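Written below as structure tokens is the structure these notes are about.
Just so it is clear, the structure is predicted and the values come from calculations on it, not from any experiment. Within every chain, numbering begins at 1; the chains are lettered A, B, ... in the order of the sequence lines, protein sequences first and strands thereafter.
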Amino acid sequence: MEYNFAEIEQTWKKYWNDQKVYKVNNPIGDAPAKPKCYVLDMFPYPSGAGLHVGHPLGYIASDIYARYKRLKGYNVLHPMGFDAFGLPAEQYAIETGQHPAVTTEKNIARYREQLDNIGFCYDWDREVRTSDPKYYKWTQWIFLQLFHSWYDRKENKARAVSELVKILEQEGNSNHRSPDNNTGSFDAAEWQGYDEKKKREIIMGYRLAYQGYAQVWWCEALGTVLANDEVVNGVSERGGHPVERKNMRQWFLRITEYADRLLTSLDNLDWSEAMKEMQRNWIGKSVGAEVEFDVVVDAPIEENGTVYPGHGTLGMKVFTTRPDTIFGVDFMVLAPEHELVDGITTTGQKQAVADYKQYVKTRSERERMSEVKQVTGAFTGAYALHPFTNREIPVWISEYVLAGYGTGAIMAVPSGDERDHAFAKHFNIPITNIFGDRYKGDKAYSDKTGTIENSDFLSGMTIAEAAVAAIEELEDMGGGEKKVNFRLRDAGFSRQRYWGEPFPINYVDDVPFAVDESPIPAFHQGEGGVDLLPVELPFVESYRPGPEGQGPLANIEDWVNTPAGMRETNTMPGYAGSSWYFLRYMDPHNDNEFADRKITDYWQQVDLYVGGTEHAVGHLLYSRMWTKALYDLGYIGFDEPFKKLLNQGMIQGTSYFAKMVHTINVTDGKENVRRFFVVSNANDKQYKNGHRFEHNQRLYEVVDKEEHDPFRLRNAHLHVDSKGRITKSNLNKIFELYYNEPDDRRIEHVRWDGALENGEEYIQANLEVEKMSKSKYNVVNPDDIVHEYGADTFRMYEMFLGPIDVSKPWDTKGIEGVHRFLKKLWRLYADEQKGWIVTDEPATEAELKGLHKTIKKIGEDIERFSFNTAVSQFMIFVNDLTGLNCHKRAVLEPLAILIAPFAPHIAEELWHKLGNETTVLDAPFPAFDQQHLTDKSIKYAVAVNGKTRVEMEFAADAAQSAIEQEVLGNDTIQKWLDGKPPKKIIYVSGKMVNVVV
RNA sequence: GCGGGUGUGGUGAAAUUGGUAGACACGCUAGACUUAGGAUCUAGUGCUGUGAGGCUUGGGGGUUCGAGUCCCUCCACCCGCACCA
């Protein structure tokens, strides 16, 4: 009876499916519920490439944890679904004409098959797909809740817009100014006087999901707007296309209102420090002051129909984190796009400023970022007045000041800030020193220690004291105030795309209305009209963008024009559906609510969330915000979605590069001429990017024109030995196999790098570790591994590779060791000749000790997510049992349960062979008994002043007193101590005693 | 530049509170059984030395009877952010 993994895995896959053993039930009625545990994976976007061996790493870890918790008696929710809306499917549709719904369906089927091969314990009855109308109905519904809400800064929570309207009716907006601060103040009477359109405009300034005009990242190539985190290094994350700023009417989520709460509640989350830090940086809280400078305008200026005051001043607000340096201000800098620039520029400087603005416009975002050190700018001719001294300060514009941060204007303190210092030096602006000796004139003193000098009433104060004093003084004279600034921007929520959730919004007279609050009486349902949802995504034939940057939906006239108004033609971004999916799993088939409150109260937060770090500032931040909003509005009872976050590392691919020294042409019989390369040693890393091999049937085929560069070898590991050598006979074999050409025809051109011991010549190829990806030809498919070794081996090996959170290259060689282990495990239960060999003999003390040590270790390891050491522990135990020739049920039955989370198929097989009827999943995790681990006697090494002298054995239960007696009484030890009593006896780790003389 | 993290054999890595460093596995070497083996089993395998022994957790210093672990300092690498005032 051999370990036939293929048969075993097939059998139990079917059994689990038929018996629905993974079905998870919500607690029914008031019956006492089992303790719950919610274990969640980040659901995948089903791409056309399928899964590679890196993807399941996190899934395996969470699966082990979920199975373990179930054995421990928990009701475990462990669902899976698909993040099915998104750009790639639409791009693919544009290229091939296949509808995204079709390709998505196909990809999901493939993913599902691959996942099923690995034996995960997902309850597929709870599967969600974000592109399913039954799902996105509730995405739209939550959007409506956000649309119908505003953030009350006094109570620090979201509230219904209807409550806001009542407040405005009663007291105007003096107590609740809108977050965008665009509307002036008005009282109750004024509010009553506004028409509906004006009222709605004002309310829009409060909504958590709102429409506004804003500079957004526009990508011409993709024909869409991108979120901040979809723009990387000045180009689109997808495709690397150039992006530019464009002013467009867009939907936004007012995530900035949650900035402080998103920041402070990070402290209570069990996430890695790196992950929290990434979110903190993204939120970017900085505390400082907003200071208003008066800018002298010396002549009336008319610009675009607006007349600016003649002899007078304009207020210009700056944000600074260093109000203590206010007496060191030597110039001001505005962002070139700042609205005041045109108004303050003097006639004489008009041309210079216009030229500079033109220059900035022509510079791509990429140039701007790569040339950070370059100092540029222009003087406006205007002067600001120092709030304390009335000193005249020149006002400049420069691209190093960003329009989007703070007020888009700064007070420059060259003696205290490096960038300001460089600017002052470059334009010869005199520098005021406010740091005494610590500023030496060559570089800014930006440390935050020491005192402020040369600064009127701040002189002699420490930096911290001066900051407080400066703000106090400014507040007294009304020239500024303490201010907290965030880097976080409101999240763009519109995409000019087809394959996403349509907005439940209709325009009437160009005013956006939620579908449930239509001004047309026949369609008015009152807020929360669930019946009107979902607004279904219509079928389209073409995915071409609509006119004027609109999405493809704008092309479908009879969809856009409805009796209830014109539909919004944008769709929601990819993160909409993924922001709340963890809630839907709890109650996936509910047609009346996104999830029943009783049920969400039971499952609560996700106890363990497993996924990659790439979602640090996207998905993870948005879903935290949605959760907080739903909590504020009373729909759920917790305000953080993911209690514990585990980031799995990447499994990288290994690629080979070799240097080409010659190419030859070969005809393949179909009249196609192909060029093949021969290789030499490749050391020049610099060429590796951009030169990749197209492959043909495992031949290294050249597509690049250039020679003598290192090239990527596709599937190289099939033909390259462990030292990176490609042998002559191997190359010959390939040529022979595929092209039926005489060997010498090809190899005569090769410059071989060396010869093996047997005289065979070889070429050296260099190995590089990089991300596993289709385009790098280094993908390993889990299906292949499962086919060759079985799912259990695959699962255990992925865990055995190393700590879960560390990136590591895939290496197929080591998998043999794990496979051997499973075979060894099998042989404890069954013999090739004798068949089933489990006996009913009682276990010996040694066997029980091993068992309980394993129970303890496995439990602890899983609890701290150290799966690699857990696998090792199994290996040790199985080796022990093999050595002890132990085939006893008393040991092997608990072992089958212990290993079930890791290798569920073989465990289930053994469990049933042991005579059990139900699934091993419902077995209780073996109880740990300390009794078996307690040693009867302990060997101690006795050391005097740390130097080991002798080993002594004592009875374990009386070790301490025995040692004292021995150490004090034993002749030998007395001799070491020169007859003196020891100063101190230190007991160390139960194995060593140290005597200090 | 700022922030986070990591440095242990030929390789992946263990070492939970400071207590025999290198568990477990890969690889390698030798052997057994074999027609054969990419099956299985046994022994060896940090470095150095014939040996007893000596040395060893990126480098240097410190605390301690005792340091991979704690403190200081330097170095290297990885990840994230980056003109954020």
Side-chain angles (χ1 to χ4, degrees), chain A residues 2 232-233 272-282 284-286 288-289 318-322 325 332-333 335 368-369 371-375 398-402 404-413 416-420 422-423 446 485-488 613-614 616-617 647 649-650 722 796-797 800-803 805-818 820-821 823-824 827 832 856-857 860-861 863-864 866 868-879 882 939 941 943-948 951 983-997:
Chain A
E2 270 181 66
V232 176
N233 290 332
S272 73
E273 204 43 50
M275 212 63 176
K276 289 189 193 180
E277 205 55 34
M278 268 188 247
Q279 291 220 339
R280 285 190 197 110
N281 287 343
W282 190 258
K285 182 177 184 173
S286 44
V318 303
F319 174 73
T320 177
T321 53
R322 297 290 303 275
T325 62
M332 317 287 293
V333 188
R368 233 175 125 150
M369 285 204 248
E371 294 165 17
V372 165
K373 295 250 157 66
Q374 197 177 317
V375 179
S398 173
E399 62 180 351
Y400 88 87
V401 173
L402 307 175
Y405 184 77
T407 61
I410 62 157
M411 56 176 228
V413 182
D417 182 285
E418 275 174 46
R419 290 152 307 166
D420 298 346
F423 195 88
S446 50
N485 214 343
F486 292 95
R487 200 183 77 106
L488 184 71
T613 51
E614 66 272 18
V617 293
N647 299 115
M650 239 189 298
S722 61
M796 290 202 97
Y797 182 56
F800 184 70
L801 272 173
D805 52 352
V806 170
S807 291
K808 54 242 157 186
W810 176 264
D811 172 16
T812 317
K813 281 183 237 129
I815 202 168
E816 292 287 350
V818 174
R820 211 169 284 152
F821 154 73
K823 283 194 271 191
K824 241 188 221 175
R827 282 201 300 270
E832 221 169 295
K856 185 164 187 253
K857 184 91 164 79
E860 286 169 356
D861 284 348
E863 295 281 4
R864 68 189 173 108
S866 178
N868 56 329
T869 54
V871 175
S872 294
Q873 187 58 43
F874 281 120
M875 291 179 172
I876 293 166
F877 188 39
V878 166
N879 282 346
T882 305
K939 257 191 195 160
V944 175
N945 288 345
K947 199 77 185 164
T948 306
E951 284 195 347
K983 273 187 200 155
K984 206 163 59 164
I985 301 173
I986 303 162
Y987 302 88
V988 189
S989 79
K991 282 194 174 175
M992 184 172 284
V993 177
N994 201 355
V995 178
V996 185
V997 182

Of A:N281 and A:E273, the one whose nearest nucleotide on RNA chain B sits closer to the 5' end is A:E273
Among the nucleotides B:A39, B:A23, B:G4, whichever has the atom closest to the side chain of A:K823 is B:A39
inquiry  = Measuring only the P atom in each nucleotide, how far is B:U40 from B:U6? A whole number of Å is fine.
reply    = 38 Å
Near A:E2 CD, under 6.0 Å, is it more than 12 heavy atoms from other residues, nucleotides or ligands?
-> no
- prompt: P atom, B:G68 versus B:G18: distance in rounded Å?
  reply: 13 Å
Rounded to whole Å, NZ of A:K285 lies from C1' of B:A85 at a distance of 18 Å
When both distances are under 3.5 Å in a Watson-Crick or G-U wobble arrangement, the nucleotide paired with B:C70 is B:G62
Mate of B:A76 across any strand shown (Watson-Crick or G-U wobble, both atom pairs under 3.5 Å) is B:U6
Quiz item: Have A:N647 and A:T613 got a donor and an acceptor in their side chains that come within less than 3.5 Å?
Solution: no
### Task
Quick one: label A:E860 by what it contacts on the DNA or RNA (base, sugar-phosphate, nothing), any heavy atom closer than 4.0 Å.
base
In whole angstroms, the gap separating P of B:C83 from CG of A:D417 amounts to 13 Å
Checking N1-N3 plus N6-O4 or O6-N4 for Watson-Crick, or N1-O2 and O6-N3 for wobble, each under 3.5 Å, the partner of B:A14 is none
request  = Compare side-chain N and O positions of A:R820 against OP1 and OP2 of B:C24 and report whether any pair is under 4.0 Å apart.
outcome  = no
For the backbone of A:M875 and the side chain of A:K824, can you confirm whether one donor and one acceptor N or O come within less than 3.5 Å of each other? no
Item to check | Atom C1', compared across B:G46 and B:G37: separation rounded to whole Å | outcome: 32 Å
(message) For A:E614, I'd like to know if atom CD has over 12 heavy atoms of other residues, nucleotides or ligands within 6.0 Å.
(response) yes
Look at the side-chain N and O atoms of A:N868 and state whether any lies under 4.0 Å from the OP1 or OP2 oxygen of B:G12. no
Next on the checklist: Under 4.0 Å from OP1 or OP2 of B:A25: is there any side-chain N or O of A:N879 that close?
Outcome noted: yes
| message | Counting the atoms with a prime plus P, OP1 and OP2 as sugar-phosphate, which does A:D861 contact under 4.0 Å by heavy atoms, base, sugar-phosphate, or nothing? | response | nothing
Can you check the distance between B:G3 and B:G58, where both ends of the measurement are the C1' atom (answer in whole Å)?
23 Å
Considering only heavy side-chain atoms of A:K857, the closest of B:C24, B:A13, B:U16 is B:U16
Closest to the side chain of A:M278, out of B:G80, B:C83, B:A15, is B:G80
Can you tell me, in whole Å, how much space there is between the C1' of B:G59 and that of B:G7? 12 Å
In Watson-Crick or G-U wobble terms, with both distances under 3.5 Å, the base opposite B:A21 is none
| Note: A:R280-A:E277 ion pair, threshold 4.0 Å (strictly below) | yes
Quick one: is B:A82 close enough that its OP1 or OP2 comes under 4.0 Å of any side-chain N or O from A:R487?
-> yes
B:G44 -> Watson-Crick or G-U wobble partner, both distances under 3.5 Å, gives B:C28
Item checked: Sidechain-backbone polar pair: A:R487 side chain, A:Y405 backbone, donor-acceptor under 3.5 Å -> no
Against the side chain of A:S872, the closest entry in B:G4, B:A85, B:A23 is B:A23
Looking only at B:A15, B:A23, B:A85, the nucleotide nearest the A:R864 side chain is B:A15
Of B:A85, B:G4, B:A13, the nucleotide closest to the side chain of A:Y405 is B:A85
**Item:** Close side-chain approach of A:N868 and A:P803, heavy atoms under 4.5 Å
**Value:** yes
Looking across every strand, which nucleic acid part, if any, lies under 4.0 Å from A:R280 by heavy atom: base, sugar-phosphate, or nothing? nothing
With syn meaning chi within 90° of zero and anything else anti, the base of B:G9 is syn
Checking N1-N3 plus N6-O4 or O6-N4 for Watson-Crick, or N1-O2 and O6-N3 for wobble, each under 3.5 Å, the partner of B:G49 is none
Per atom distances to the A:F800 side chain, the nearest of B:A85, B:C83, B:A25 is B:A25
**Prompt:** How far does the C1' atom of B:G10 sit from the matching atom of B:C47, given to the nearest Å?
**Reply:** 12 Å
RNA chain B nearest-nucleotide lookup for A:G814 and A:R322: closer to the 5′ end is A:G814
Which of B:C24, B:A13, B:C41 is nearest the side chain of A:P803? It is B:A13
From CE of A:M650 across to C1' of B:G80 the rounded distance in Å is 12 Å
- Under 4.0 Å between any heavy atoms, over every strand shown, what does A:K856 touch: base, sugar-phosphate, or nothing? Just pick one. nothing
- Contact class for A:K276 vs. all strands (heavy atom < 4.0 Å): base, sugar-phosphate, or nothing? nothing
Q.
What's the gap between B:A13 and B:C26 when it is taken at their C1' atoms, as a whole Å value?
A. 10 Å
Problem - B:U69 to B:A21 separation - P atoms, rounded to the nearest Å - result: 13 Å
> Taking OP1 and OP2 of B:A85, is either one under 4.0 Å from a side-chain nitrogen or oxygen of A:S286?
Replying inline: yes
Among the nucleotides B:U40, B:A85, B:C24, whichever has the atom closest to the side chain of A:T320 is B:A85
Against the side chain of A:M875, the closest entry in B:A15, B:A85, B:C24 is B:C24
| message | For A:F874 and A:F821, take the angle between the two ring planes, folded into 0 to 90°, and tell me which bin it lands in: parallel under 30, tilted 30 to 60, perpendicular over 60. | response | tilted
Requested in this report: Name the nucleic acid region contacted by A:N485, choosing base, sugar-phosphate or nothing; use a 4.0 angstrom heavy-atom cut-off, strictly under.
Outcome: nothing
